[in-house]
A.B. asks: 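There's a structure below that I have some questions on.
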2 protein chains.
Amino acid sequence: MTLKEGKDKFIQSWGALGSSWGINRTMAQIHALLLISPEALSAEEIMEELQISRGNANMNIRALIDWGLVYKELKPGERKEFFVAEKDMWEVVKNIIIQRKKRELEPMLRVLDEISSVDPESDEAREFIEVIREIKLFSNKADSTLDTLVKSDSNWFVGTFMKMIK
Amino acid sequence: MTLKEGKDKFIQSWGALGSSWGINRTMAQIHALLLISPEALSAEEIMEELQISRGNANMNIRALIDWGLVYKELKPGERKEFFVAEKDMWEVVKNIIIQRKKRELEPMLRVLDEISSVDPESDEAREFIEVIREIKLFSNKADSTLDTLVKSDSNWFVGTFMKMIK
DNA sequence: TTGTTGATTCAGTACTTTTTGAAACTTGGT
DNA sequence: ACCAAGTTTCAAAAAGTACTGAATCAACAA
């Protein structure tokens, strides 16, 4: 396989993977392109390489920066902005967990709290409250597990989980 | 809050959560409805409750069964099929992990293997291979971690992770 | 075999999300 | 103050996804 073929295949697959991970296809493709790019790229270069419009490139680059998956790099003397990807996979996964936890898990926890206040006036209501209580318990556990995971560093991950797997 | 309001809010929120988890909104809503339903429901009842078409209900119920999140329940004497949700959250999460691992992580691992065969003829190619090698290492680790997680039971999860959190 | 009840399929439609591209804005140099 | 190089925004268009409903299929009962 040639380098070009390999790169293209990687960008395509990373894009597909991203789109089932709450990161849209283009966003993931930009990330892939930057991951395998030895140097920082400008918006122009990204547009060119992925055949996308200026607006699309700009919006997705900013989103990647928001998610902490890409950094701006300013070259002295150059007005243009350049971009590099976070290349440590553990950091990448951590940042995705942080973002998705904030966007998805935390709002759900709030809703679960709210709906716990349903009047326990009927048997049905009491059953409902019980089901919600169990979901809340599980979700809180998941929430704190993720917090711990995110606070830990890469070596911890490798160590603990490798041991776990044996 | 009344029972009806609570139920509706739960169904809405679960639907929203699902749609960022590779489970479409309606699928997640059906799951939510079944979760908080004391008895098994028929397709008709689900259609009625969520105001969706027969086709939509049928397709999403089948998808939920595929994912192992809902079971068919046949009542003796009744021709109609009834459905119940898997209510153990740990089972739910496990099944989602299994499905998504199969659909997303495993194809990615295959692609990473393929593109490792790029000719290391230039410095650039060698750098590319190295980046891919690191991603592969991480992904394999994630893959086996998930395998272990999925093989373990609910108590293990509660025990180990609670300890981890302290 | 025919009628009835329920499940499934799928082409067309509705809805949602992403992308484009041109205009507006920003920044720094002259 | 003005220009040039670059960035950001956003309304409209395109692409992608989900939903509907009518037709079809399957199972059983009479």
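Every heavy atom of this structure was used, including side-chain atoms; hydrogens, water molecules and symmetry mates were not. Throughout, a chain's letter reflects where its sequence line sits, starting with A, and its residues are numbered from 1. It should be emphasised that the depicted structure is a prediction, and the values quoted were computed from it without experimental measurement.
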A.B. asks: For atom CD of A/E114, is the number of surrounding heavy atoms from other residues, nucleotides or ligands below 6.0 Å larger than 12?
C.D. replies: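 Yes, CD of A/E114 has more than 12 neighbouring heavy atoms, counting only those of other groups under 6.0 Å.
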A.B. asks: Around atom CD of B/E48, are there more than 12 heavy atoms of other residues, nucleotides or ligands at under 6.0 Å?
C.D. replies: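 No, not enclosed.
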A.B. asks: What about B/I36 and B/Y71, same hydrophobic cluster or not, with Ile/Leu/Val/Met/Phe/Trp/Tyr joined at side-chain heavy-atom distances under 4.5 Å?
C.D. replies: no
A.B. asks: How long is the line joining CD of A/E48 and P of D/dG6, in whole Å?
C.D. replies: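 Atom-to-atom, A/E48 to D/dG6, this comes out as 15 Å.
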A.B. asks: Mind calculating the distance between CD (B/E45) and P (C/dA7) to the nearest angstrom?
C.D. replies: 11 Å
A.B. asks: Could you report the tightest heavy-atom contact between B/A125 and B/P120, atom names first, then the distance?
C.D. replies: CB-CA, 4.1 Å
A.B. asks: Round to the nearest Å and state the distance from A/R62 atom CZ to C/dT26 atom P.
C.D. replies: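 From A/R62 CZ to C/dT26 P: 14 Å.
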A.B. asks: What does the B/S/- profile of nucleotides 13-30 of chain D look like, 5' to 3', with a 4.0 Å heavy-atom cutoff to protein?
C.D. replies: -----SSBB-----B---
A.B. asks: Without decimals, in angstroms, what is the distance between A/F83 CZ and D/dT8 C1'?
C.D. replies: 12 Å
A.B. asks: Does atom NZ of A/K136 have more than 12 heavy-atom neighbours, drawn from other residues, nucleotides or ligands, at distances under 6.0 Å?
C.D. replies: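 Correct, the count exceeds 12.
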A.B. asks: Tell me the interatomic distance from A/I61, atom CD1, to C/dT18, atom P, rounded to whole angstroms.
C.D. replies: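 Going from CD1 in A/I61 over to P in C/dT18 covers 17 Å.
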A.B. asks: Output yes when at least one side-chain N/O atom of B/N58 is less than 4.0 Å from OP1 or OP2 of C/dA7, else no.
C.D. replies: no
A.B. asks: Using atom CD of B/E81 as one end and atom P of C/dG6 as the other, report the distance to the nearest whole Å.
C.D. replies: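 The answer, rounded to whole Å, is 11 Å.
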A.B. asks: Calculate the interatomic distance between A/K80 atom NZ and D/dA4 atom C1'; express it in whole Å.
C.D. replies: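 After rounding, the gap between these two atoms is 13 Å.
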A.B. asks: For B/W90 and A/F138, take the angle between the two ring planes, folded into 0 to 90°, and tell me which bin it lands in: parallel under 30, tilted 30 to 60, perpendicular over 60.
C.D. replies: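 Answer is tilted, since the angle falls between 30° and 60°.
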A.B. asks: In whole angstrom, what separates A/D66's CG from D/dT8's P?
C.D. replies: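 Taking atom P of D/dT8 as the reference, CG of A/D66 is at 12 Å.
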